[in-house]
Amino acid sequence: MKNKLLYLLSIGGLLLTLASCGGNKANQDTEKNDSTQATDSSQTSKNMNTTTSKDVHTFAQADQAVMTDLALDIKVDFDTKQIKGKATITIDNLGKTNKLYLDTKELGIEKVTLGDDEKETKFALGETKAHMGVPLEIDITPDTKKVNVYYQTSPKAEALQWLNPQQTAGKKQPFLFTQSQAILARSWVPCQDSPGIRFTYSAKVTVPKNLMAVMSAENPVEKNTEGVYNFKMPQPIPAYLLALSVGDLAFGKIGERTGVYAEPSMLEKCTYEFANMEKMLEAAEKIYGKYEWGRYDVIVLPPSFPFGGMENPRLTFATPTILAGDRSLTSLIAHELAHSWSGNLVTNKTWNDFWLNEGFTVFFERRIMEAIRGESYSEMLAKLGQQDLQGTVKSLDEKDTHLKLALKDRNPDDGMNDVAYEKGYFFLRLIAETVGKEKFDNFLKNYFAKYKFQSMDTEGFLAHLKQELPEAAKLNLDEWVYKPGLPANLPKVSATRFENVDKVYAEWDGGKKAGELNTKDWSTHEWLHFLRKLPAKVDKAKMEDLDAAFKLTDSGNSEIAAEWLSRAVPSEYDKAYPALEKFLVNVGRRKFLVPLYKSMITTEAGKKMAKEVYAKARPNYHSVSYNTLDKMIN
Ligand code: BES
Ligand code: ZN
């Protein structure tokens with residue numbers, strides 16, 4: 001960053017002249033300790049709460065000045081595909097510093113003022129850094145309490161997906177949703193975008209009159225005539241949990257504290273599918289303590305949502321691909337609900353500690369499912385997870401198979417795979433099996449209570465674990481956390497319901513006709529286990545046999561459809577091509593898209609088809625999905 005430069009920025013056709021100022025410390029590396037490789041974790045056991053991990057994905061200098069509250073006053077403009085307005089940031093100026101550093105990504109900054117009297121102050125946008133965006137450096141004084149940033153988003157803002165009416169269920173109104181995790185909040189709100197920094201927030205959001213806005217906050221249940229909505233999130237959250245959705249929405253009640261938002265034509269299907277949400281919430285509280293966020297609602301988004309679910313506090317964002325019609329994919333809701341403890345209450349301090357969010361949540365998710373569906377059910381989930389994990393570990397670079405990640409100078413997205421989820425899960429399961437399940441549940445309950453509304457790093461957790469559960473200290477903890485691959489004491493899963501599936505598969509493989517197999521009472525998970533046993537390329541006659549008996553090409557269950565359709569191209573089973581194309585054009589969920597496109601590019605003809613379909617489908621995808629797929633296709 002050079003001093004006193006004039007930046008000319010053209011954003012959305014608007015020319016803004018931005019006065020720059022001051023030196024920029026934000027780009028200097030002030031890191032203490034990336035603490036990613038094998039450290040002797042016994043060293044940290046004495047000082048559990050010391051900072052051993054610094055967030056390498058933020059420009060904020062949290063030891064100097066941190067934000068404690070955000071007040072948004074924004075307008076959502078579907079014509080220009082922009083959010084415009086003011087972000088008022090309350091700070092705690094710990095270091096009595098003269099500079100405040102915020103994260104931004106492709107934001108246009110109009111002006112910055114200080115305090116309630118809004119005295120204009122100098123600011124500068126620094127150099128763009130890959131994945132991270134641009135630091136916004138603001139001149140403050142040692143006693144500045146409030147900073148007002150007037151800004152607008154880029155039409156290409158990575159967190160935002162603007163949908164035209166055709167991409168919605170109702171086909172009449174546009175739709176907008178955000179996806180802030182991991183470091184995309186900065187593309188729609190100037191903020192300190194680090195999971196170790198928490199703040200309360202409030203927002204006034206103005207939207208077109210016929211639409212409704214909802215956030216990760218206290219929400220309306222009805223549209224109002226002005227199109228102005230006010231929100232409050234009184235509990236402090238990290239920036240990656242900031243969320244907004246705008247569309248033709250309606251609310252349906254499920255239980256006293258639970259409900260669902262969806263487009264009106266989808267609402268009934270959603271309330272049916274999620275009927276057991278209140279029960280899940282009660283089961284979760286019984287295991288790990290009080291739910292701290294008031295209400296728990298889910299919004300079902302249009303199918304381009306890039307994830308299965310996102311644990312935005314008070315309001316999980318979910319894909320419609322879990323609406324199987326038979327409530328068989330609702331463990332995803334258990335997962336997002338579980339994040340209300342693991343992740344939202346006790347938060348990974350940096351993205352290198354991501355397994356603390358996801359591994360704990362998978363463990364918790366399976367405890368909830370065990371409580372409401374029984375152990376034979378949760379063991380099927382665990383078995384499928386273990387299969388995923390083994391595949392992922394084989395495909396990854398060794399260094400990316402550590403639980404503690406090393407994501408410096410990389411996109412945190414690179415670490416978001418089954419290692420954090422499933423290796424994390426099996427690590428916790430090993431501890432639970434070692435100390436006893438009840439004791440471990442109790443340990444986790446106390447852990448959430450003790451560290452609620454705080455962040456935690458891997459070393460802090462290990463230290464706490466060793467202190468509270470000395471029996472666990474004898475395990476090969478460091479190997480699990482700081483070494484690659486899967487340790488020899490990986491827990492065994494006893495998915496007894498899959499034993500029958502194995503038998504039935506062997507019969508079919510041995511020549512028995514699909515129509516004669518006994519698949520009575522199979523759940524989605526048994527089907528998934530069966531289909532996963534298919535080789536990548538299946539004999540075409542065998543594909544026909546299965547399809548004739550079980551109508552797999554026409555399956556309305558997205559998990560089953562995706563597993564099945566991934567065999568279509570390698571097997572040259574062209575009967576399923578139209579269904580495959582339809583799926584790829586409609587669904588934007590990355591977890592399905594990646595293996596499907598991967599399966600297609602294994603043959604020359606498939607590659608051509610993949611390119612053609614991708615050209616058509618890409619405009620329907622969120623940046624999270626197309627940024628991954630662009631690298632794969634072309
Ligand atoms: N928090 C994640 C989604 C996420 C992770 C978004 C990293 C951005 C970066 C969410 O809780 C999640 O894990 N979703 C899974 C569902 C699940 C049941 C494992 C998904 O979307 O598939
Ligand atoms: Zn999760």
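Atoms within a ligand are numbered from 1 in the order they appear, just like the ligands themselves.
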Answer yes or no for Glu358: is there an N/O/S atom below the 2.8 Å cut-off from the Zn ion (ligand 2)?
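Under 2.8 Å: Glu358 contacts the Zn ion (ligand 2) through an N, O or S atom.
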(Q) With ring pair (Phe, Tyr, Trp, His ring centres under 6.0 Å) as the test, pick out the partner of Phe453 among Trp341, Phe448, Trp293. (A)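 It is Trp293, the one option of Trp341, Phe448, Trp293 that forms the ring pair (Phe, Tyr, Trp, His ring centres under 6.0 Å) with Phe453.
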| message | If the threshold is 4.0 Å, N to carboxylate O, is there a salt bridge linking Arg532 and Glu526? | response |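 Judged by the 4.0 Å cut-off on N to carboxylate O distance, Arg532 and Glu526 do not form a salt bridge.
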So if I only count non-hydrogen atoms and take anything under 4.0 Å from ligand 1, which residues does that give, chain by chain?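 For ligand 1, the contacting residues are Gln179, Gln181, Phe307, Gly308, Gly309, Met310, Glu311, Leu332, His335, Glu336, His339, Phe354, Glu358, Met416, Tyr421, Arg589.
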Indicate the atoms forming the closest heavy-atom contact of Phe231 with Ala217, along with that distance.
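Residues Phe231 and Ala217, closest heavy atoms: CB-CB, 4.0 Å.
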Nearest non-hydrogen partners of Phe175 and Ser245, listed with the distance: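 Scanning both residues completely, I find the closest heavy atoms to be CE2-OG, 3.3 Å.
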query = Can you name the N, O or S atom of His339 that is closest to the Zn ion (ligand 2)?
reply =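 Among the N, O or S atoms of His339, the one closest to the Zn ion (ligand 2) is NE2.
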- Message: Out of the candidates Lys349, Met456, Lys404, only one should pair with Leu356 under the side-chain contact (heavy atoms from CB on, under 4.5 Å) rule; please name it.
- Response: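 Going through Lys349, Met456, Lys404 one by one, the side-chain contact (heavy atoms from CB on, under 4.5 Å) with Leu356 is satisfied by Met456 alone.
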field: CG on Asn557 to CG on Asp326, rounded to 0.5 Å
entry: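 Answer for the CG-CG pair, Asp326 versus Asn557, is 6.5 Å.
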Distance-only donor-acceptor check, side chains Ser599 and Ser566, under 3.5 Å: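 There is no such pair (donor and acceptor under 3.5 Å, judged by atom type) between the side chains of Ser599 and Ser566.
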